[in-house]
Amino acid sequence: MRRPIAAGNWKMNGLKKHKDEILDIDNASRKANCDVILCVPSTIISEISKITKNIFMGGQNCHTEKNGAFTGDISAEMLKDAGASHVIVGHSERRVNYGETNNNIRTKTQIALENDLKAIVCIGETLSEREDGTTLDVIKKQLIESLPTEIIGENIIVAYEPIWAIGTGLTPTIHQITEVHDFIRVELVQSFGNDTGQSINILYGGSMNAKNVKEISAILNVDGGLVGGASLKADSFVPIINALGKS
Ligand code: PEP
């Protein structure tokens, strides 16, 4: 049985002074029937992880290497040291803006797992891939190439995030989300066997909000959400957490 997950991605937003917003999310998460993960900027993970009780803290990226001469980068070990339990890898903003490849993402996933972080591995097609009808091919390649060959299911979370739905207010149809999530489940089972493949949470991400969460989370293989803009405020994130907890 997969416990639903409500994950927030704060991207490059969030200062120490926003801790009251996070405490509101933390308080509301006390009775939530889902795991709540807040992926805040790494600069505030340490402080926030000390004052929250009901949510997991996540990083938004980690380096492929353990440590070394990589000015400005952050390692999986540093995130763990700061108080994170999770890390997003392969977000499309990193794939697109920093040229991250599936190969990089597999290495990042591996090093995250070695450092006792659960990895939220993002995959998703562009609008032109969707229009060309190649979505499932793209998803299959990203999935196979971004995940290590040996994994423990509970330590991996897959987030399906169609790039054209991120921050745009657009969402795929229920049929489109169902098709991709079912496909990911079948691929995971084929690659890792039934037990592991069935144990991995598959999150939907891309303009999830309080209005569409109920319908999206009712889909069989949607095990939660990865939420950007709507996770920045307790007022918009808490209804999503509550809805995901009921799914
Ligand atoms: C994201 O960036 O992971 C995301 C889902 O953003 P938004 O919810 O703002 O579309």
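In each ligand, atom 1 is the first atom listed, and ligand 1 is the first ligand listed. If you read the sequence from its start, that first residue is 1, and numbering goes on from there.
Residue contacts with ligand 1: G167 is included, with a non-hydrogen atom under 4.0 Å away.
Proximity to G206 (heavy-atom distance under 4.0 Å) selects the following atoms of ligand 1: 5 (C), 10 (O). Near N9, meaning under 4.0 Å from any of its heavy atoms, are these atoms of ligand 1: 2 (O), 3 (O). Numbered from 1 in the order shown, with element, the atoms of ligand 1 that lie under 4.0 Å from a heavy atom of G229 read 7 (P), 8 (O), 9 (O). Distances below 4.0 Å separate heavy atoms of E161 from the following atoms of ligand 1: 1 (C), 3 (O), 4 (C), 5 (C).
An N or O contact shorter than 3.5 Å links G228 to ligand 1 by distance. Considering backbone and side-chain atoms together, S207 places an N or O closer than 3.5 Å to an N or O of ligand 1.
Here the side chain of K108 pairs no donor or acceptor atom with the backbone of T64 at under 3.5 angstrom.
Ring geometry, H63 versus F70: the interplanar angle falls from 30° to 60°, so the pair is classed tilted.
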Could you go step by step and tell me if E114 and K66 meet the salt bridge (Lys or Arg N to Asp or Glu O under 4.0 Å) rule?
CA-CA 10 Å; E114 283 165 15; K66 185 172 160 40; over 6 Å; no

Worked verdict on E154 versus K118 for salt bridge (Lys or Arg N to Asp or Glu O under 4.0 Å)
CA-CA 8 Å; E154 294 82 53; K118 294 182 196 286; over 6 Å; no

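The backbone and the side chain of I166 each have at least one atom closer than 4.0 Å to an atom of ligand 1 (non-hydrogen atoms only). Looking at A165 against ligand 1, only its backbone comes within 4.0 Å, counting heavy atoms.
Grouped by direct or indirect side-chain proximity (heavy atoms under 4.5 Å, Ile/Leu/Val/Met/Phe/Trp/Tyr only), W164 sits with L127, L170. Under a 4.5 Å side-chain heavy-atom cut-off, the cluster of Ile, Leu, Val, Met, Phe, Trp and Tyr residues that includes I157 is completed by I5, I37, F56, I88, I120, L203, L226.
What sits closest to atom 1 (C) of ligand 1 on the protein, heavy atoms only, is H91 NE2, 3.2 Å.
At least one side-chain heavy atom of Q142 sits less than 4.5 Å from a side-chain heavy atom of R95.
Within 6.0 Å of NZ on K140 lie no more than 12 heavy atoms contributed by other residues, nucleotides or ligands.
Looking at K11, M208, Q60 and measuring to atom 2 (O) of ligand 1, the nearest heavy atom belongs to K11.
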